[in-house]
Amino acid sequence: MKVINIIGGMKFEQSEFHRGKNVWAAETLYLFAKAKEYPVQDLPLWAIDLPDEPFDARDLNSFIFQCRRVQDCSLEYPIILDNYGQIADGYHRLCKAILEGRETIKAIRLEEMPAPDRIEKED
């Protein structure tokens with residue numbers, strides 16, 4: 001079935017966080033948090049601001065792809081909050097925690113941002 005090829009797994013190395021023209025690889029954020037020794041904390045799910053569109057799910061294939069990512073993710077890893085407290089990495093884990101009825105999720109809050117991995121050019 002063709003849909004299965006479309007919803008194949010996405011690797012951690014492909015996850016990115018965009019803020020304006022700045023782009024960070026999720027791996028960059030995790031390594032930065034580890035180097036800075038930011039603590040992992042239990043964050044109450046009720047305290048998280050849920051934005052309208054954290055990822056693309058505008059058609060059925062995209063929706064299935066995102067559902068699959070939620071299903072396949074591991075809550076073993078903390079979500080990363082940027083220096084403003086917004087989720088920089090971990091929306092799929094957040095969704096999974098909510099769907100499982102959890103009250104908290106492991107999180108790391110960055111106090112500062114590392115240099116971006118790239119800066120997108122204007123159109």
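What you see is a predicted model, and the numbers here were worked out from it, not measured in a lab.
A distance of 9.5 Å separates NZ of Lys21 from CD of Glu120, quoted to the nearest 0.5 Å. Interatomic distance, CZ of Arg102 versus CG of Leu45, reported as 9.5 Å (0.5 Å rounding). The OG atom of Ser62 sits 3.5 Å away from the CG atom of Asp59 when rounded to the nearest 0.5 Å. We find the CD-CG distance between Glu16 and Leu29 to be 10.5 Å, quoted to the nearest 0.5 Å. Rounding to the nearest 0.5 angstrom, the gap separating the CD atom in Gln71 from the CD atom in Gln66 is 13.0 Å.
Taking the charged nitrogens against the carboxylate oxygens, Arg109 and Glu111 have no contact shorter than 4.0 Å, which rules out a salt bridge. Using a 4.0 Å cut-off between a side-chain N of Lys or Arg and a carboxylate O of Asp or Glu, Glu76 and Lys106 do not qualify as a salt bridge. Between Glu100 and Arg93 there is no salt bridge, since no side-chain N of the basic residue sits under 4.0 Å from a carboxylate O of the acidic one.
No donor-acceptor pair closer than 3.5 Å links the side chain of Tyr30 to the backbone N or O of Asp89. Side-chain atoms of Asp117 come within 3.5 Å of backbone atoms of Ala25 as a donor-acceptor pair (strictly under, hydrogens ignored). Side chain of Trp24 to backbone of His18: no donor-acceptor contact under 3.5 angstrom is found.
Of all the heavy atoms in Asp42 and Pro44, the pair that sits closest is O-CD, 3.7 Å. Taking every heavy atom of both residues into account, Cys73 and Lys96 meet most closely at O-NZ, 2.7 Å.
The hydrophobic cluster around Leu99 extends to Val70, counting ILVMFWY residues whose side-chain heavy atoms fall within less than 4.5 Å of a member. In the hydrophobic clustering (ILVMFWY side chains linked at under 4.5 Å, chained through shared members), Tyr84 stands by itself.
Under the 4.5 Å side-chain heavy-atom criterion for grouping Ile, Leu, Val, Met, Phe, Trp and Tyr, Leu50 is connected to Ile87 within one hydrophobic cluster. In the hydrophobic clustering of ILVMFWY residues, with side-chain heavy atoms under 4.5 Å counting as a link, Tyr91 and Ile98 come out together.
The local environment of OH in Tyr77 is sparse, with at most 12 non-hydrogen atoms from other residues, nucleotides or ligands closer than 6.0 Å. Heavy-atom neighbours of Glu112 CD from other residues, nucleotides or ligands within 6.0 Å: above the threshold of 12.
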**Request:** Decide side-chain contact (heavy atoms from CB on, under 4.5 Å) for Ile108 and Gln41; before the verdict, give the C-alpha distance in whole Å, the side-chain angles of both, and the deciding distance to 0.1 Å.
**Result:** CA-CA 6 Å; Ile108 298 173; Gln41 301 175 9; over 6 Å; no
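In this structure, the side chains of Thr28 and Pro114 come closer than 4.5 Å at one or more pairs of heavy atoms. Between Phe17 and Met113, the closest side-chain pair of non-hydrogen atoms falls below 4.5 Å.
No option in Leu110, Leu81, Ile80 other than Leu110 meets the side-chain contact (heavy atoms from CB on, under 4.5 Å) test with Tyr38.
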